[in-house]
There are 2 protein chains.
Amino acid sequence: MISSIAELIADRIGSMPAGERRAAQTLIASYPMIGLKTVAEFSAAAGVSSPTILRFVARLGFQNYPEFQSSLQDELAAQLQSPAIRTLNPPSPGGGTASPMLEATLDNMRETFRHLSDRQLADIATRLAERRGKTFLIGGRFTDPLARYMAAHLAIIQPDVIHLAGQESMWRDRLIDMGKRDVLVIFDIRRYQDSLVRFAEKAHQRGVQIVLFTDQWLSPIARFARHVIAGRTAVPSAWDSSAALFVVAETLIGAVTRQLEPDGARRIREMEELR
Amino acid sequence: MISSIAELIADRIGSMPAGERRAAQTLIASYPMIGLKTVAEFSAAAGVSSPTILRFVARLGFQNYPEFQSSLQDELAAQLQSPAIRTLNPPSPGGGTASPMLEATLDNMRETFRHLSDRQLADIATRLAERRGKTFLIGGRFTDPLARYMAAHLAIIQPDVIHLAGQESMWRDRLIDMGKRDVLVIFDIRRYQDSLVRFAEKAHQRGVQIVLFTDQWLSPIARFARHVIAGRTAVPSAWDSSAALFVVAETLIGAVTRQLEPDGARRIREMEELR
DNA sequence: CAAAATACGTAACATACGATACAGCGCTCC
DNA sequence: GGAGCGCTGTATCGTATGTTACGTATTTTG
């Protein structure tokens with residue numbers, strides 16, 4: 001079975017004329033970068049003419065050059081998605097329990113944070129901590145618990161933290177209280193919920209700043225969001241994993257808490273006394 | 001020092017107008033693949049117009065779009081050359097600008113699973129999957145969202161999954177429905193809640209099998225529990241972390257789902273049709 | 001609240017890119 | 001050694017792509 005273009009080339013290079021073979025070897029030599037450049041550059045690097053390059057990709061079975069490039073890109077994307085772990089990694093020191101689920105989850109988290117700058121987290125934390133207005137949180141079918149989790153913590157260190165629960169009509173009515181000084185934290189991963197998108201749009205129209213937790217494919221809500229956190233969700237399971245988003249949420253909770261010191265600490269003490 | 005375009009973006013995303021920020025977020029979310037495609041595709045993916053994309057790359061300091069793409073390609077090429085660096089590259093180890101929070105969380109998960117045998121997880125999964133009786137879930141102040149999360153999934157693949165919400169009196173009344181064929185999943189970490197302990201004790205007296213998610217110091221409920229999952233919770237933050245427990249929960253959800261195949265799959269399909 | 005500044009999208013433009021037709025050259029096989 | 005075939009490069013064409021100018025909407029500032 002042939003799964004990559006490199007294998008495809010290796011398979012057919014024997015039956016290629018000289019010029020195309022040079023093209024093939026050039027591509028293999030610095031696979032796959034040359035193939036992502038223009039026909040002109042490719043041909044120059046291989047020392048052949050552009051039509052030869054085009055005949056080369058045609059022989060590989062592609063209709064045209066862009067199609068060939070897309071194929072290369074997809075291959076690359078697939079490689080980048082699954083970090084080196086699979087290529088060469090003994091299941092982890094410590095007699096790895098071998099739970100592929102755990103390994104995938106850890107990868108997801110590393111990957112998620114790799115695409116997430118400290119700066120961005122700090123910006124969001126500041127926005128949540130300055131509390132010029134209220135903070136609303138809501139989530140989808142499976143992610144609403146994350147919204148609750150975050151709300152449970154934030155509500156302790158500052159006032160005006162509201163988790164939007166219950167039916168759609170319930171939260172829609174809360175829109176009336178939401179304005180441009182407020183922040184709305186939304187969790188929405190595939191399959192994205194129309195009701196949430198609608199709600200986000202309305203909130204956005206009212207000037208509410210939206211912080212979106214979503215997956216790497218970005219919920220449509222990203223269009224209205226001021227801040228977008230894209231977490232990796234793929235795991236070897238029937239379900240998507242929200243673990244990476246959960247960790248980001250915890251990190252954010254920690255950052256907000258730190259920013260609210262020492263006020264937050266005082267507030268916590270007061271709260272303890274009230275029990 | 002800024003060495004990658006991703007860092008460059010992270011550095012400047014704060015001072016970007018809304019449209020360009022969307023472009024930035026879209027690029028980061030599937031870094032760097034979108035940037036290798038055409039301006040039209042990029043703009044469509046980001047939901048903005050092509051000029052916005054061009055202004056975005058201009059703001060990053062590139063003269064034109066092709067120059068930007070070349071830069072991305074060079075970066076990719078460098079990454080592909082040395083796969084070793086890619087495994088644990090991001091910031092240097094030890095010097096870690098990277099959130100110590102993340103590192104601690106990852107350690108917690110590894111530690112948690114190291115003390116958790118596959119056998120134990122499989123046993124619990126079996127118990128939850130055989131559904132001779134009902135499954136009840138409940139959590140504490142901060143962990144109840146985990147109970148909800150688990151309930152949301154389990155309820156889809158099998159009937160009689162009940163999340164106990166609301167006030168203490170509410171769930172105490174549900175005790176009447178609970179018997180020795182039923183399972184109670186409890187989440188309880190420091191500071192352990194008396195109300196939960198009391199509830200667990202009563203349930204235990206009625207013969208309910210208890211599955212406890214707790215921290216490494218073990219909630220008093222462990223005395224009544226049939227299965228105890230002890231997760232690490234310590235992180236450099238004002239709060240404890242429930243992330244490790246969250247991952248165990250997800251793993252368990254996955255295991256139960258697998259055991260219920262293909263019945264679960266059929267049930268999911270039926271459910272989809274009902275919407 | 002008014003006015004200025006900034007940001008965004010629409011539409012027209014020019015360029016550069018991929019595609020194609022055709023002619024020259026070398027190679028193979030009678 | 002000559003005729004035929006196949007491979008390759010040059011030159012040209014159409015088009016998709018990146019670019020720019022301008023008008024409108026939105027936000028910011030006094």
Side-chain angles (χ1 to χ4, degrees), chain A residues 12-27 32-73 127 132-133 179-182 201-210 222-227, chain B residues 9 12-27 32-73:
Chain A
R12 304 197 184 175
I13 196 171
S15 59
M16 285 183 190
E20 299 181 28
R21 194 174 308 162
R22 288 184 66 179
Q25 282 162 345
T26 308
L27 176 56
M33 298 316 296
I34 282 286
L36 298 178
K37 298 190 187 292
T38 67
V39 173
E41 287 177 276
F42 193 167
S43 66
V48 297
S49 69
S50 9
T52 299
I53 300 297
L54 295 176
R55 281 188 283 265
F56 164 65
V57 304
R59 189 181 300 267
L60 291 179
F62 297 98
Q63 293 298 323
N64 47 32
Y65 195 71
E67 183 182 310
F68 162 72
Q69 286 190 318
S70 295
S71 222
L72 277 181
Q73 287 187 7
R127 171 69 60 195
R132 299 183 311 171
K180 59 183 60 167
R181 308 173 76 85
D182 302 325
E201 182 167 18
K202 297 225 182 69
H204 173 66
Q205 283 164 3
R206 295 186 64 88
V208 178
Q209 298 220 357
I210 295 181
R223 296 176 47 85
F224 317 116
R226 179 70 173 246
H227 297 281
Chain B
I9 292 172
R12 305 198 182 172
I13 196 171
S15 60
M16 287 184 188
E20 300 180 27
R21 193 174 312 156
R22 287 227 294 271
Q25 283 160 346
T26 310
L27 175 57
M33 298 317 295
I34 280 286
L36 299 178
K37 300 193 185 291
T38 68
V39 173
E41 286 178 277
F42 192 166
S43 66
V48 298
S49 68
S50 5
T52 299
I53 299 296
L54 296 174
R55 281 187 285 262
F56 164 65
V57 305
R59 189 183 299 267
L60 292 180
F62 298 98
Q63 292 299 324
N64 48 31
Y65 194 71
E67 183 181 314
F68 161 73
Q69 286 190 317
S70 295
S71 222
L72 276 182
Q73 287 185 6

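A, B, ... follow the sequence lines: proteins, then strands. Residue 1 opens every chain.
For A:Ala45 against A:Ile34, the heavy-atom pair with the smallest separation is CB-CD1, 3.8 Å. Listed here is the closest heavy atom pair of A:Leu72 and A:Pro32: CD2-CB, 3.8 Å.
The stretch residues 54-69 of chain B touches DNA chain C through B:Arg55, each having a heavy atom under 4.0 angstrom from the strand. Residues from residues 15-25 of chain B that place a heavy atom under 4.0 Å from any atom of DNA chain C, listed by number: B:Pro17, B:Ala18, B:Gly19, B:Glu20.
Here D:dT17 presents its C1' atom at 16 Å from CG of B:Leu36, a figure rounded to the nearest Å. In this structure, A:Gln209 atom CD and D:dT27 atom P are separated by 11 Å, rounded to whole Å. Remark: C1' of D:dT27 and NZ of A:Lys180 are 9 Å apart, rounded to the nearest angstrom. As a whole-Å value, the separation of A:Arg226 CZ from D:dT27 C1' is 11 Å. A straight line from NZ of B:Lys37 to P of C:dC17 spans 19 Å, rounded to a whole angstrom.
B:Arg22 places a side-chain N or O within donor-acceptor distance of the main-chain N or O of A:Arg223, the cut-off being under 3.5 Å. Side-chain atoms of A:Gln69 come within 3.5 Å of backbone N or O of A:Lys37 as a donor-acceptor pair. Of the possible polar contacts, one joining the B:Arg12 side chain to the B:Arg59 backbone as a donor-acceptor pair under 3.5 Å is found.
Ring geometry, B:Phe62 versus B:Phe68: the interplanar angle exceeds 60°, so the pair is classed perpendicular (tilted spans 30 to 60°). Between B:Tyr65 and B:Phe42, the ring-plane angle classifies as tilted under the 30° and 60° cut-offs.
In this structure, CD1 on A:Ile210 lies 9.5 Å from CD on A:Glu201, to the nearest 0.5 angstrom.
Side-chain nitrogen and oxygen atoms of B:Thr52 include at least one within less than 4.0 Å of the OP1 or OP2 phosphate oxygen of C:dG9.
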